[in-house]
Amino acid sequence: MTAPSRAEAAATGSRSGGPAGRTGTGRRKPRISFRHRASAWDRRYSPYLYISPFFLLFAVVGLFPLIYTIWVAAHDWDLIMGQGEFVGTDNFAHVLGQRAFWISLRNTLSIFILSSAPQVVAAILIAYLLDYNLRARTFWRMGVLVPYVVTPVAVALIFSNLFGDRFGLVNSMLETVGIDAVGWHSGVLPSHLAIATMVNFRWTGYNALIFLAAMQAVPRDLYEAAAIDGAGKVRQFISVTIPNLRPTIIFVIITSTIGGLQIFDEPRMFDQYGRGGADGQWQTMTLYLYELGWTRSDFGLASAVAVLLFLLIVAIGLVNFVITRRISSSEVKR
Amino acid sequence: MRTTDHAEENTSAAAHPGRRPGSARGAHRRAHVLRGIALTSGLALALTACGGAAGGDDDGGVAEGEDVSLSVTTFNEFGYEELFTEYEELNENVTIEHNKIDTAENARDSLRNSLGAGQGASDIEPLEVDWLAEFKQYPDRFEDLSDPEVEGRWLDWKYEDALLEDGSLIGYGTDSGPQAVCYRADLFEEAGLPTDRDEVADFLGDTWEDYFAAGREFVAESDSAWYSGSDNVWQGMINQVEVPFQDAEGEVIADTNPEVKDLYDQLLEASVQDELSAGLTQWSGDWSDAFQREETFATMMCPGWMLGIIEGNAAEVEGWDIANTFPGGGANWGGSYLTVPSQGDNVEAAKELAAWLTAPEQQLKAFEVVNAFPSTAEALESEELLSATNEFFNDAPTGEILAERAEAVETQPLKGTEYLTINVAIQDAINRVDVDGSDDPESSWQKFVNDMEALR
């Protein structure tokens, strides 16, 4: 309400030609009408207004929880009783001194590598097949997305039955071929392989579609030129398709890094207890966090793990970022 | 997702400088706006949903005849399905929503979470005896259920366990878990052992040493194991220790208590050296499947509620029976309480339902359905219970056997606030040796000691 009245005052001031209005340098200022001011404000501030929903939402659902988690991590904090004493970095020191923490870090990285690496390779190959002029193209393309639509818990239930130690289908098949049964729930690497299989089942098709979209953006004349130069299909794939996919590959690697490091549903559903095995064989960082926070109801420790996990993801994200920059700058040079 | 979207835009734009036409970028931005709208409307929906839930009757009182919806959480098998229907017929204004959780651990986690969040708990929540003390730490989160009308209903120990220092009552006792030994008479016969349930009771003996010796005799003559896994037997053993994991002050003594270590060593020697164990963890998929297999296991620690679980897993399998004995004397395994969390909208109606569900008549009905053994004095003495037989267990007089097993229970162990956490840790230690084979008994015990250090 004050703005228009001030503007009015300014307007009348200039009309009546008061002493302030006449004196040299200050003269232009009062002449600006409200319309001008409004449009200046519009130009200056409304872009912020337009983008503000994102930042407001981000502040509420992203930034606030992040800072609050750090706050909780610095306190003795019971799930039910709430905030306790301020303990500074004690929670971090305690967590870093636990064998279980380092085991969970090992498991997280191992499952992440076992799932992400084959996933990206398989997704590119599937996308390459789908890029051809197949019959019933839409059917195949939607088909690869079906595993993604199934809820992860259902996937985990089915797979943990397949990977049963005694009577699971996978072990029965191995035994008919003459290979010893594998202790999917007792060994470290077997359990990671089984969980990585679930993750790959779920995400490969999704990533394949992203690659497919990128592949279709590759100019077809590049392939024609390559064909004229005598390049076979394999050579075309390696020398034309892959280089053009680089940015997409990096995007997929970043998203699967974030997803892979936060993996929860699959290991949680892998056995009946959901704690990650009697020896923590497949206890990932999120499962460890859950155990501290919900089973032991120590939110302080759980938050400390959450912050450490965040730092780990940021660190790996930075590595990705450096690689991204290197690749993009090398392309510019080319 | 949001950050990754940006990453995509950045990397693509950086990688193809100038290739992206303006319109494509505009489309991208529109997508963002659309997503923003979708998000905000989703949020608004969620908020209104919360408002709706909170708009209920806050004082907890329900006028006569007013429609009430009550939610009840249970885990495993409480046998309440038919009782709910009956209660709804008796009280036409009440509808009951049943929230069934698979394992006790998951029920506990979800209750903790609801109490922490201040919302989300059912109107009636179960507490298992192993984590009763843990939740007794939060008396202000639960309604005081003490009521002169129900006093004297339960066995003394069942009632006293749920009493708080100030005399208020946190929960009404449901079932109790006096244990007998279930066995496969057909496998006993194949191994040339007695099959009649009284003879088997003699054969199994009175101590753990007798029980393991009988097992050695059995496995020498059979392809099957003596018991499903060490964790099953452990529950029988540990429930006979008066002060197992925490002393009266709540101090953790699990790793220094010689009684616990002796039982641990005795059990693992029987499981690993004598090969009495089938190496299956309870409740796992393999464990459930094994009931139907040729090569399986012959005995099982059997509190009343376990009968229903065996019957479910071993459907169509003939030969299960139950012997009126238990190694080392009597012992209770499990048994629960019904509580009314204060956060509920209809605590008064919930109290009524909880009192009704735990009354002797209803306990007997639950026993009939899933063999949840009663914990009220009246039900224990009733002719209905004592004359109950179980067709699946070769028409055994399960009521009478379990009632005698209940009488044989001499100790109610002191279960502290960390009982469940510690018991889970020691079962992990046992499973590392018996199931996973990743440790020998000593190295696994050392890991357990470290777990206890972390807990202190």
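Proteins get letters first, then strands, A, B, ... in listed order; numbering begins at 1 in each.
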In this structure, which one of B:D286, B:T281, B:T103 forms a side chain to side chain donor-acceptor pair (under 3.5 Å) with A:Q272?
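For A:Q272, the side chain to side chain donor-acceptor pair (under 3.5 Å) test succeeds with only one of B:D286, B:T281, B:T103, which is B:T281.
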Return the option, out of [options], with the maximum number of heavy-atom pairs under 4.5 Å with chain B.
options	answer
A:Y290, A:Y273, A:Y50, A:W294	A:W294
A:Q281, A:R275, A:M81, A:E291	A:R275
A:V252, A:I80, A:T295	A:I80
A:D165, A:N161, A:D271	A:D165

Measure the shortest side-chain to side-chain distance between B:F245 and B:E418 over non-hydrogen atoms and say whether it is less than 4.5 angstrom.
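Side chain of B:F245 against side chain of B:E418, heavy atoms only: no contact under 4.5 Å found.
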Which atoms of [X] are under 4.5 Å from chain A, going by heavy atoms: the side chain, the backbone, both sets, or neither?
X	result
B:A290	both
B:D102	neither
B:L455	side chain
B:S284	both
B:D231	side chain
B:D439	side chain

Go through the steps to decide whether A:T69 and A:S303 satisfy the test side-chain hydrogen bond (donor to acceptor under 3.5 Å, both in side chains), and finish with yes or no.
CA-CA 6 Å; A:T69 306; A:S303 299; 5.5 Å; no
For the residue pair [X] and [Y], does the interplanar ring angle fall in the parallel (under 30°), tilted (30 to 60°) or perpendicular (over 60°) class?
X	Y	answer
B:F75	B:W131	tilted
B:W445	B:F448	tilted
A:F64	A:Y68	parallel

Who passes ring pair (Phe, Tyr, Trp, His ring centres under 6.0 Å) against B:W283, sequence neighbours left out?
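Once residues adjacent in sequence are excluded, the partners of B:W283 under the ring pair (Phe, Tyr, Trp, His ring centres under 6.0 Å) criterion are B:W287.
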For each of B:L420, B:I430, B:V424, tally heavy-atom pairs with chain A at distances under 4.5 Å, and name the one with the top tally.
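If we count pairs closer than 4.5 Å to chain A, B:V424 comes out on top.
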Against chain A, work out which of B:Q427, B:E453, B:R141 has the most heavy-atom pairs shorter than 4.5 Å and name it.
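Highest number of pairs under 4.5 Å: B:R141.
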Where on [X] is there a heavy atom nearer than 4.5 Å to chain B: the side chain, the backbone, both, or neither?
X	result
A:D78	side chain
A:H185	backbone
A:F299	neither

Would a distance-only check, ignoring hydrogens and angles, find a side-chain to backbone donor-acceptor pair under 3.5 Å from B:T339 to B:P341?
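Answer holds: no.
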Positive for side chain to side chain contact (heavy atoms under 4.5 Å, CB included) with A:L292, one of A:L79, A:N91, A:L301
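Result for side chain to side chain contact (heavy atoms under 4.5 Å, CB included) with A:L292: A:L301.
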Looking just at side-chain N and O atoms, do B:T73 and B:S122 make a donor-acceptor pair shorter than 3.5 Å?
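Short answer, yes.
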